[in-house]
Amino acid sequence: MPDSTEQTKLIRQFLVGQLPEEQCQELEARIFAEPNFAEEVEIVEEELMRDYATGRLSRETSALFEEKYKHSLANRAELEYEKIFHQFISSKPPTSQRAPDTEPILPLITNPDAGVTLLRRKSRFRAFISKPATLAVAALLLVVLFVGLWTRFKFGPGGIDPALSARRMIEERLQSLNATAFTSGYKLLPVDLRPIERSEGQIPRIPLRTGETDRIIEFHLNITEEQRERYRALFVDDKRNELFALDDLPVETTQGGQEIKFLIPGEYLKPGDYEIELSYIDGSGNRRLISGYVFRVIEAS
Amino acid sequence: MSDQTPPEDFERLLNWLASDREAAGRKYEEIRRTLHNYFRRREVADPLSLVDEVIERVTCKVAEVAPGFIGEPSHYFLAVARRVLAEWQRRPVEKELPLDIIDSTTNESITHKELLLQSLEECWAKRTPREQSILYRYCVETPPFKLSEARDELARELEMSLTALRVMVHRFKKTIRRCIERLMAKKA
């Protein structure tokens, strides 16, 4: 959790009323201008309320928090909602985590017959798994089953998860399109994007016509970070669903600075808001997110 | 929008926010929410009434302001909100409320809480099992694992950064909150 970042610290100070008025107004202006920043403030506020409810705030911050949040009716309602939501969600463990509670413990205590039946079944099972030959056959069957399922569903377009298969097919086409850069016969639409933090609250709009299959968008992502070898661009929609990704993207030096260029057929983007998450793999093999680039696709008139 | 606002003015406001109607609706909701948070964080007891006031004033002025306005309309909303807040602060109202003003034992408060829980249950049921599981694992500590460890593990499983997971969970919660607000408004 990025609690230690300067930005989170500043937002927390703002929320508990520790910042001078001038700085508060600056932050409020950012909240109105940058939807992503507004969202970040909402997240930090939720975390602050949670920390208060669980006694994780320092005495001083806790006092400031109470001063600000417990005297206004609207803020108290907000606190109350967070509390109720947390209590509710705590009573809703996912099915897999509820499994231990569903074991038939009661019948064993209250009904001796049920207990005996269970014990007999256990004994038969133990006898079954104690034979090495049976175990070896079972293990072999499992391996065959696993390999069969894996080869059937891992790559197939009609596999277990159609969405995943569709995504793979899109990504394969994108890799091939970008490797060959073959755009003859297509209408190219160049789009320059800046990282969210430097976009000054503006969302670039891309006009596309639904059903138009001969349009290719040529994205140019402006980057200011230290140059890495290869990048990955992941497209997510406004509900944070991952759509598709492009890997191994190189950096190009242009007159306007460093940029990453790639092609996306317009047919893959319906009207709506999108974000491209640019990341790279660091020396320890972990993926590091560098920046987000937002844009909006609108129906062309 | 107030009942006295002419529909054509409200149309103009939506057109100013975005040319696409659906996008304009989303933007309008986003501005309302931002305004609500702005007044709430400024310790206004009834932020909704001031949000309506701002929307009303901007809607009345939109025909005049929009044509020559440069930049995002949200900047104009903030300017109006600041003015409305300053006016509210000058009004002779009691700003500080006693700590026990929300009496959780009154009938009204109990009914509100029941309605909230009922709506929460309905909205929760509308989420997919995957979303429910992500929310639970992100929000609830299940000893012996610390919450931070559980979140790291979850982010690894979902192959996303912790930051992206944090945002995703917030958006899930926001969707549930909106669903609750809609249901409660219908039932009230």
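Computed from heavy atoms alone, side chains included, the values below leave out hydrogens, waters and symmetry copies. Just so we're clear, the structure is a prediction, and the values are computed from it rather than from any experiment.
- Look at B:Arg166 and A:Glu46 and you find no salt bridge, because none of the NZ, NE, NH1 or NH2 atoms lies under 4.0 Å from a carboxylate O.
- A:Arg230 CZ: more than 12 foreign heavy atoms inside a 6.0 Å radius.
- For B:Leu120, the parts lying under 4.5 angstrom from a heavy atom of chain A are both the backbone and the side chain.
- Between B:Val44 and A:Ser72, the closest heavy-atom pair is O-OG, 4.0 Å.
- Surrounding CD of B:Glu22 are at most 12 heavy atoms belonging to other residues, nucleotides or ligands under 6.0 Å away.
- For the residue pair A:Ala33 and B:His75, the shortest heavy atom distance occurs at CB-NE2, 3.4 Å.
- Both the backbone and the side chain of B:Leu35 come within less than 4.5 Å of a heavy atom in chain A.
- For the atom pair B:Arg41 CZ and A:Lys68 NZ, the distance stands at 8.5 Å (nearest 0.5 Å).
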Step by step, work out the side-chain contact (heavy atoms from CB on, under 4.5 Å) result for B:Phe172 and A:Lys239. CA-CA 9 Å; B:Phe172 285 168; A:Lys239 295 185 181 68; over 6 Å; no
Does the side-chain contact (heavy atoms from CB on, under 4.5 Å) test come out yes or no for A:Gln25 and B:Arg82, once each step is laid out? CA-CA 10 Å; A:Gln25 291 198 8; B:Arg82 282 185 173 151; 3.5 Å; yes
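- Of the atoms belonging to B:Glu159, it is backbone heavy atoms, and not side-chain ones, that fall under 4.5 Å from chain A.
- Heavy-atom distances place both the backbone and the side chain of B:Ala18 under 4.5 Å from chain A.
- Of the charged side-chain nitrogens involved, at least one lies within less than 4.0 Å of a carboxylate oxygen, so that A:Glu28 and B:Arg42 count as a salt-bridged pair.
- Of the options A:Glu47, A:Arg240, A:Glu39, A:Glu40, a side-chain contact (heavy atoms from CB on, under 4.5 Å) to B:His170 is made by A:Glu39 and by none of the others.
- Proximity to chain B is absent for every atom of A:Val236, based on heavy atoms less than 4.5 angstrom apart.
- Of the inter-residue distances, the one linking B:Glu121 atom CD with A:Ser91 atom OG reads 7.5 Å to the nearest 0.5 angstrom.
- Contacts between B:Arg171 and chain A at a heavy-atom distance below 4.5 Å involve the side chain alone, from C-beta outward.
- Salt-bridge check for B:Arg21 with A:Glu299: failed, with every basic side-chain N at 4.0 Å or more from each acidic carboxylate O.
- For chain A, the nearby part of B:Arg33 is the side chain; its heavy atoms alone come within less than 4.5 Å.
- B:Ala45 and A:Leu73 get closest at one heavy-atom pair: O-CB, 4.0 Å.
- Only the side chain of A:Leu15 comes within contact range of chain B, with at least one heavy atom under 4.5 Å from a heavy atom of that chain.
- With a threshold of 4.5 angstrom between heavy atoms, B:Glu30 approaches chain A through side-chain atoms but not through N, CA, C or O.
- In this structure, the separation between OG on B:Ser74 and CD1 on A:Ile31 is 11.5 Å, given to the nearest 0.5 Å.
- Here the NZ-CG distance, from B:Lys27 to A:Asp273, works out to 8.5 Å after rounding to the nearest 0.5 Å.
- In this structure, CZ in A:Phe88 is found 10.0 Å from CG in B:Leu116, a value given to the nearest 0.5 Å.
- More than 12 heavy atoms of other residues, nucleotides or ligands lie within 6.0 Å of CZ in B:Phe69, so this atom counts as buried by the packing criterion.
- No part of B:Val169 comes within reach of chain A, as not one of its non-hydrogen atoms sits under 4.5 angstrom from that chain.
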List the steps and the verdict of side-chain contact (heavy atoms from CB on, under 4.5 Å) for A:Glu82 and B:Lys173. CA-CA 10 Å; A:Glu82 278 298 320; B:Lys173 284 174 78 178; 3.5 Å; yes
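- For chain B, the nearby parts of A:Glu42 are the backbone and the side chain; heavy atoms of each come within less than 4.5 Å.
- Atoms CZ and OG1, from A:Phe32 and B:Thr34 in turn, are 6.0 Å apart once rounded to the nearest 0.5 Å.
- Contact of B:Thr175 with chain A is not made at all, since no heavy-atom distance falls under 4.5 Å.
- Counting heavy-atom pairs under 4.5 Å between each of B:Val167, B:Ile31, B:Leu165 and chain A puts B:Val167 at the top.
- Counting heavy atoms of neighbouring residues, nucleotides and ligands inside a 6.0 Å radius, atom CD of A:Glu22 does not exceed 12 of them.
- Note on A:Glu78, A:Arg287, A:Arg205: by heavy-atom pairs under 4.5 Å with chain B, the leading option is A:Glu78.
- Only the side chain of A:Leu289 comes within less than 4.5 Å of a heavy atom in chain B; its backbone stays farther off.
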Decide side-chain contact (heavy atoms from CB on, under 4.5 Å) for B:Arg177 and A:Phe85; before the verdict, give the C-alpha distance in whole Å, the side-chain angles of both, and the deciding distance to 0.1 Å. CA-CA 9 Å; B:Arg177 182 77 184 261; A:Phe85 181 81; over 6 Å; no
